[in-house]
Amino acid sequence: MSQVYIENLNEHEGKEVTVKGWVYNRRSSGRIQFVMVRDGTGIVQGVVVKAEVTPDVFALVEELTQESSVVVKGIVRSDDRAPGGYELTITDLELVQLAEDYPITPKEHGTEFLMDHRHLWLRSRRQHAILRVRHEIIKAIRDFFYERDFVLIDTPILTPAACEGTTTLFETDYFDDQAFLAQSGQLYLEAAAMAFGRVYCFGPTFRAEKSKTRRHLMEFWMLEPEVAYADHEDNMRLQEDLVSFIVQRVLKHRRAELQMLERDISRLEKVVVPFPRISYDEAIERLQKAGVEIEWGADFGGGDETILAEQFDRPVFVHRYPTSIKAFYMKPDPERPEVVLCDDLLAPEGYGEIIGGSQRIDEPELLKQRMIEHDLAEETYAWYLDLRRYGSVPHSGFGLGLERTVAWICGLPHVRETIPFPRLINRLYP
RNA sequence: UCCUCGGUAGCUCAACGGUAGAGCACCCGGCUGUUAACCGGGUGGUUGUUGGUUCGAAUCCAACCCGGGGAGCCA
């Protein structure tokens with residue numbers, strides 16, 4: 001008799017199976033005991049009746065502590081009284097290890113305590129639901145780009161210099177030289193786009209900003225596609241296609257997890273193309289109309305983004321920001337050089353910016369000029385300028401923050417639960 | 001870095017100038033269908049740290065440490 005996973009128990013009704021897992025909780029009532037067993041795929045209630053097992057097994061079950069590891073034999077029965085619809089009438093139980101007092105009890109805990117025990121917190125149902133949605137989103141992203149014949153290009157994590165000069169980088173020693181942890185793969189990806197046409201990278205990204213908000217991690221995962229010969233409009237279409245594809249996929253495959261998280265699914269069902277597009281100019285007008293004191297030329301704060309996003313029922317593009325507040329590589333609008341061909345995609349319900357994208361400068365002279373303006377060392381970026389010397393073409397790309405996307409789709413108030421081991425400003429443990 | 005809220009039992013919290021408490025966890029006992037089971041009993045405290053005010057401080061004051069939320073910055 002081989003191991004059966006709890007998520008497949010319905011295929012074994014009436015049969016005796018072996019489940020290998022951990023004790024989630026235990027209740028007793030004299031001559032009958034209920035042991036909740038989880039195995040990573042689900043939770044099932046085991047019923048131990050004193051008259052139906054050996055005295056040794058019954059006594060052993062009485063000793064079981066939360067999270068003790070056990071191998072359970074039992075008969076699968078359908079029962080309306082059981083959480084999940086199926087339960088296991090236990091015939092035998094083998095203790096693998098008796099767990100010490102488990103810190104995370106079935107009662108409430110504070111965030112600090114749970115974060116200190118993140119390695120154990122991952123065993124809880126809520127964390128399972130979130131991380132399975134994350135898993136589904138990652139799979140959706142990879143499928144989306146595979147189906148569209150993009151090539152995955154892994155960009156380096158150790159880099160010699162900043163991508164966008166303003167951001168703080170984690171510094172490290174590189175054989176007595178200086179190196180930084182990558183804050184973006186974009187520049188390398190532009191090189192790859194000139195080689196392969198349609199490419200993307202998807203990996204960890206590091207920012208040493210002393211940010212302390214619900215939207216920031218020091219280490220987060222970013223998806224960055226880059227497409228040769230794509231202009232700003234093509235870029236936004238790719239973004240909305242991707243985001244709606246991700247949402248549809250999660251709705252299709254992870255509905256149970258969303259329900260466990262008590263996510264308002266109707267809000268997600270509205271996320272279909274096309275997404276509304278408003279210019280930065282229009283966004284400023286909308287904010288001023290809403291009573292926000294903001295002038296043309298200023299960047300938006302988190303609150304401003306929320307006000308804008310609340311005016312729509314699906315993610316909204318804000319495009320053509322002032323050149324002065326955006327990155328050096330963004331291409332100015334030929335008809336209005338004071339703005340660049342860029343876009344931010346703001347998620348609904350106050351989740352803020354999940355994508356930032358732009359068409360890139362393809363003229364060598366302008367790019368060189370911008371790099372001088374931004375005090376970027378020419379020798380460090382010589383290779384990047386080469387891309388404009390040898391067959392330069394219009395091209396565009398964007399970056400999608402995975403954790404913000406997971407937080408939005410799951411309806412979580414904070415990004416820290418969207419990654420297995422979050423790196424926050426004051427947390428490097430566990 | 002700044003603003004704001006908080007730190008009391010292993011955990012979640014109460015007591016807000018006058019003997020430091022409850023629920024859960026844990027230990028003992030009871031219960032044949034429990035659903036964060038329930039019922040009875042028990043163990044468990046340098047009230048974040050240091051100093052001050054007071055007859056008396058968890059409580060009031062100051063500094064510091066740690067954490068939550070927010071700002072800036074960004075995905």
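Here is the naming used below: chain letters follow the sequence lines, and residue numbers restart at 1 for every chain.
Applying the salt bridge (charged side-chain N to carboxylate O under 4.0 Å, His left out) definition to pairs two or more places apart or across chains, none involves residues 288-297 of chain A. Applying the side chain to side chain donor-acceptor pair (under 3.5 Å) test to pairs two or more places apart or on separate chains, those with a residue in residues 271-285 of chain A are A/E240-A/R277, A/D281-A/W296, A/D281-A/R336, A/E282-A/R286. Applying the ring pair (Phe, Tyr, Trp, His ring centres under 6.0 Å) test to residues at least two apart or on different chains, the pairs with a partner in residues 95-120 of chain A are A/H109-A/F113, A/F113-A/H117. Evaluation of the side chain to side chain donor-acceptor pair (under 3.5 Å) test over residues 403-412 of chain A, restricted to residues two or more places apart or in two chains, returns A/R134-A/E403.
Contacts of A/F220 with the nucleic acid, taken as non-hydrogen atoms under 4.0 Å apart, include base atoms. Residue contacts for A/H414: at a heavy-atom cut-off of 4.0 Å it reaches the sugar-phosphate backbone alone, with no base atom in range.
Contact check, A/N426 against B/rC66: no side-chain N or O comes under 4.0 Å of OP1 or OP2. In this structure, A/H216 does not reach the B/rG72 phosphate: none of its side-chain N or O atoms is under 4.0 Å from OP1 or OP2.
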Can you tabulate the close N/O pairs, meaning under 3.5 Å, that link protein atoms to atoms of nucleotides 39-49 of chain B?
none

Polar atom pairs between nucleotides 25-31 of chain B and protein, under 3.5 Å, N or O only, would you list them?
residue, atom, partner, partner atom, Å
B/rC31, N3, A/G30, N, 3.2
B/rC31, N4, A/S28, OG, 3.3
B/rC31, N4, A/G30, N, 3.4

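Note on A/E87 versus A/R77: no salt bridge recorded, every NZ/NE/NH1/NH2 to OD/OE distance being 4.0 Å or above.
Qualifying side chain to side chain donor-acceptor pair (under 3.5 Å) partners for A/S69, counting only residues two or more places apart in sequence or in other chains: none. Residues forming a side chain to side chain donor-acceptor pair (under 3.5 Å) with A/S211 (at least two apart in sequence, or on another chain): none. Remark: A/T91 engages A/E16 in a side chain to side chain donor-acceptor pair (under 3.5 Å) (not counting sequence neighbours). Here A/K139 pairs with A/D143 under the side chain to side chain donor-acceptor pair (under 3.5 Å) rule; sequence neighbours left out.
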5'-to-3' dot-bracket of RNA chain B (Watson-Crick, G-U; under 3.5 angstrom; crossing pairs as [ ]; | other strand): (((((((..((((....[..)))).(((((.......))))).....(((((..]....))))))))))))....
Can you give each donor-acceptor pair under 3.5 Å made by side-chain atoms of residues 340-361 of chain A, sequence neighbours left out, with the distance rounded to 0.1 Å?
residue, atom, partner, partner atom, Å
A/D343, OD1, A/Q239, NE2, 3.3
A/D343, OD2, A/Q239, NE2, 3.1
A/D344, OD2, A/Y321, OH, 3.2
A/E349, OE1, A/R263, NH1, 3.0
A/E349, OE2, A/R263, NH2, 3.0
A/Y351, OH, A/G411, O, 3.4
A/Y351, OH, A/L412, N, 3.2
A/Y351, OH, A/L412, O, 3.0
A/S358, OG, A/R360, NH1, 2.6
A/Q359, OE1, A/H232, N, 2.9
A/R360, NE, A/E226, OE1, 3.4
A/R360, NE, A/E226, OE2, 2.9
A/R360, NH1, A/S358, O, 3.4
A/R360, NH2, A/E226, OE1, 2.8
A/R360, NH2, A/G397, O, 3.3

